[in-house]
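To keep things clear, I will list the structure first and then write my remarks on it.
Here is how names work: the chains are called A, B, and so on, in the same order as the sequence lines, proteins then strands, and each is numbered from 1. Everything numeric here is computed off the predicted structure, so don't read it as measured data.
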There are 4 protein chains.
Amino acid sequence: MTSRKLEKYDSILNAALKVIAENGFHGAQVSKIAKEAGVADGTIYLYFKNKEDILISLFQQRLGALVDQFHASIQDTHSAADALRTVCHIHYSELERNIHLAYVTQIELRQSNIELRKAIGASVKPYIKLIEHILERGVQSGEFRSNLDVKLTRSLIFGAMDEVVTSWLISGQKYSLSAQVDGTLDFFLKGLN
Amino acid sequence: MTSRKLEKYDSILNAALKVIAENGFHGAQVSKIAKEAGVADGTIYLYFKNKEDILISLFQQRLGALVDQFHASIQDTHSAADALRTVCHIHYSELERNIHLAYVTQIELRQSNIELRKAIGASVKPYIKLIEHILERGVQSGEFRSNLDVKLTRSLIFGAMDEVVTSWLISGQKYSLSAQVDGTLDFFLKGLN
Amino acid sequence: MTSRKLEKYDSILNAALKVIAENGFHGAQVSKIAKEAGVADGTIYLYFKNKEDILISLFQQRLGALVDQFHASIQDTHSAADALRTVCHIHYSELERNIHLAYVTQIELRQSNIELRKAIGASVKPYIKLIEHILERGVQSGEFRSNLDVKLTRSLIFGAMDEVVTSWLISGQKYSLSAQVDGTLDFFLKGLN
Amino acid sequence: MTSRKLEKYDSILNAALKVIAENGFHGAQVSKIAKEAGVADGTIYLYFKNKEDILISLFQQRLGALVDQFHASIQDTHSAADALRTVCHIHYSELERNIHLAYVTQIELRQSNIELRKAIGASVKPYIKLIEHILERGVQSGEFRSNLDVKLTRSLIFGAMDEVVTSWLISGQKYSLSAQVDGTLDFFLKGLN
DNA sequence: CATGAATGAGTGTTCATTCAT
DNA sequence: CATGAATGAACACTCATTCAT
């Protein structure tokens, strides 16, 4: 893709994000996205196969970027606990920093049809795998207990963080999300005791 | 409501659950629910304000019953940890036992519009409050650490269990969900260490 | 179908015929047909599967009625030549009498897509078969020459009459179509000599 | 037009014929024709006013060539019957030889809109005139009966041959079209007797 | 002359809800 | 109370044509 094409491709994805954030999933018509992007309706279809393709691309691109950031950041970590803290920090702070993205991924895109949700699931999988690797690393290094059920725990950890973000959004962002990293890590590392 | 009315009211909710489970949220037309319930389309509107009202009522009734069961069950518990284990056990085993309900609440109803999701949120709230109370009880009894962020932790715990159920559903129920109670409680009580 | 339903079914077909005749095949939107029939757009779909189904039904019903009329009329004929004359007479006079139907079947419906044309072809087949039967009858009775290629001749006869109707329509109906029966039969029976 | 221009003009018409034959009338987009012709979409519009103009030109050119061939061939004929046989022979054999052209003219181009069909009619007119002249020649020479309705008969003859070709195409060309010349002429000359 | 990216008008179909019976 | 026929708003996508380069 030339830089000209790439530019328009990006502007359509940005427009989609904004329109969904402002109008909700069901209020995000293709014509509205086109208008926001400053192109004609038909132009959308020069860059995306159909409406679903816009949404999948949006999710993949943004979540893919996050996962890349995760991978890069945990390179420098000295321990599995440290890595987990880094992941949680990025997870919370990036979504706090980008409220549109948070709203769209946590709330709006989840009300999509089954096909789109499958594609979204595929985008989330690498992230859950990343958490799993951190857990394995911790078990091998002796940081985490050896009887840890890694498959189960990766779900517990992902679900816990995911719900904290959603809960923060629904509350109307009345408090700092990134300030929850310490409390979250305390829970992950020490449990309730 | 007379018992005659109540009977029909219930049969419509049952029909809704079955139709959504079999056809998905977007394949659950009012006419299909009416047919399954053995009534005319218009009759639905003598018992429910609109389609959303059916879904909200369905969620409230079924989730309300669960929360009642939770409340009853933790009466007999000797400790907060015990109470939490009981809650988790009911949460997992009830949804495992009622796969239709699990599928509809975890997967299908989440693709509904924002209004319905707000109502669903309201139904979930008492459950989250229940978890919060257990946490407070544990802190007060000295079972749980005194610096526990109760508001944050209730989200972490709910989100963790919720994701475990969803993950089990998506996997195709290839393993026992209720067998995950111990591993889940280990994580809640001991964390990763 | 109840008579009430049948009434509306017919009024939609009549509306379709009128709208196509007045606006052409490509100007015959479902909404226009609905308006002409005095029903809502959605009502159309209570009686027909889709737009194509309207057009196929229209063709089948009207052409089927014609073929029925042919069959009934040739019962009383004393010779194959007489039968052929009767068929030609009905063919010309019915389309002359119903200019809308003529226009729609000869001009408009022929610009439809392949699926519709197949269905139309199926409707025309019984008519061509009828012509074939008359030819066979004539050969057997010795009226027509014994070396007649029946399969070929049925096409020649149908095509000849069909073109006469089309030609008359395109000319703007400046002359009487039914007055062409004698000349047509002369040609069929005597050829050019 | 320079020969360079003419070359490209022809290649676009050839491309149009091929694309319509392979994809049908409704599957013959301008962009597909351009691609087949090896030019850019916009280039088409340097040679043709619009899409309709391509199709009309295609029909005129190909049919015009046929009519020229007819005129040339009947010069050498000794009788009207001979001329008619020659016309029928060329009609059938040329379309049998060029199945693409047959398919496009008999099936695909007939599903076009009214404007295009008028233009096509104009292209067919000289052919029908030619048949008319042959009939007049036959009447004057005493070959054909003097009470022949020439205007009517030209339609009968054209329609008959046209239907034979279409019928042969729809059958899947399971038999020889040019072998139908004798049977056709027998019918034209002797009628059914 | 040639390109091809961009345009934007146009339409069949679904389904929650109503209301005359 | 119950029915179910009728309603009508809402929207993704295609493709002939243009025009800046």
Take atom CZ of D:Phe48 and atom C1' of F:dA16, then tell me their distance rounded to the nearest Å. 15 Å

In short, salt bridge (charged side-chain N to carboxylate O under 4.0 Å, His left out) pairs touching residues 55-66 of chain D with sequence neighbours left out are none

Residue pair D:Phe48 / D:Leu58, side-chain heavy-atom distance below 4.5 Å: no

Tell me what D:Lys8 touches on the nucleic acid: a base, only sugar-phosphate, or nothing, going by heavy atoms under 4.0 Å. sugar-phosphate

Secondary-structure stems, DNA chain E, at least 3 Watson-Crick or G-U base pairs under 3.5 Å: E:2-21 with F:2-21

Holding to ring-ring contact (aromatic ring centres under 6.0 Å, His included), I want the full list of residues that pass it with A:Tyr45, two or more places apart in sequence or in another chain. none

Considering just the side-chain nitrogens and oxygens of C:Lys32, establish if one lies under 4.0 Å of OP1 or OP2 belonging to E:dT11. no

Could you tell me which residues satisfy side-chain contact (heavy atoms from CB on, under 4.5 Å) with A:Ile99, sequence neighbours excluded, listed by chain and number? A:Trp168, A:Leu169, A:Gln173

Reading nucleotides 13-21 of chain E 5' to 3', which nucleotides get B (base under 4.0 Å from a protein heavy atom), which S (sugar-phosphate only), which -? BBSSBB---

Nearest-angstrom distance from the residue atom NZ of D:Lys35 to C1' of E:dG4: 13 Å

Would you find a donor on one side and an acceptor on the other, under 3.5 Å apart, between the side chain of D:Lys51 and the backbone of D:Val30? no

How long is the line joining CD1 of B:Ile12 and C1' of F:dT3, in whole Å? 13 Å

So, using side-chain contact (heavy atoms from CB on, under 4.5 Å) as the criterion, who are the partners of B:Tyr127 when residues are at least two apart? B:Val67, B:Phe70, B:Val87, B:His91, B:Leu130, B:Ile131, B:Phe158, B:Met161

Could you pull out all residues at least two apart from D:Asp41 that satisfy salt bridge (charged side-chain N to carboxylate O under 4.0 Å, His left out)? none

Separation of atom CG in D:Asp53 from atom C1' in F:dA16, rounded to whole Å: 14 Å

In whole angstrom, what separates A:Ile33's CD1 from F:dA12's P? 8 Å

From CD1 of C:Ile44 across to C1' of E:dT11 the rounded distance in Å is 14 Å

So, using side-chain contact (heavy atoms from CB on, under 4.5 Å) as the criterion, who are the partners of B:Gln60 when residues are at least two apart? B:Ile56, B:Ser123

Going by side-chain contact (heavy atoms from CB on, under 4.5 Å), name the residues that satisfy it together with C:Lys18, two or more places apart in sequence or in a different chain. C:Glu22, C:Glu36, C:His100

Rounded to the Å, how far apart are C:Phe25 CZ and E:dT11 P? 13 Å

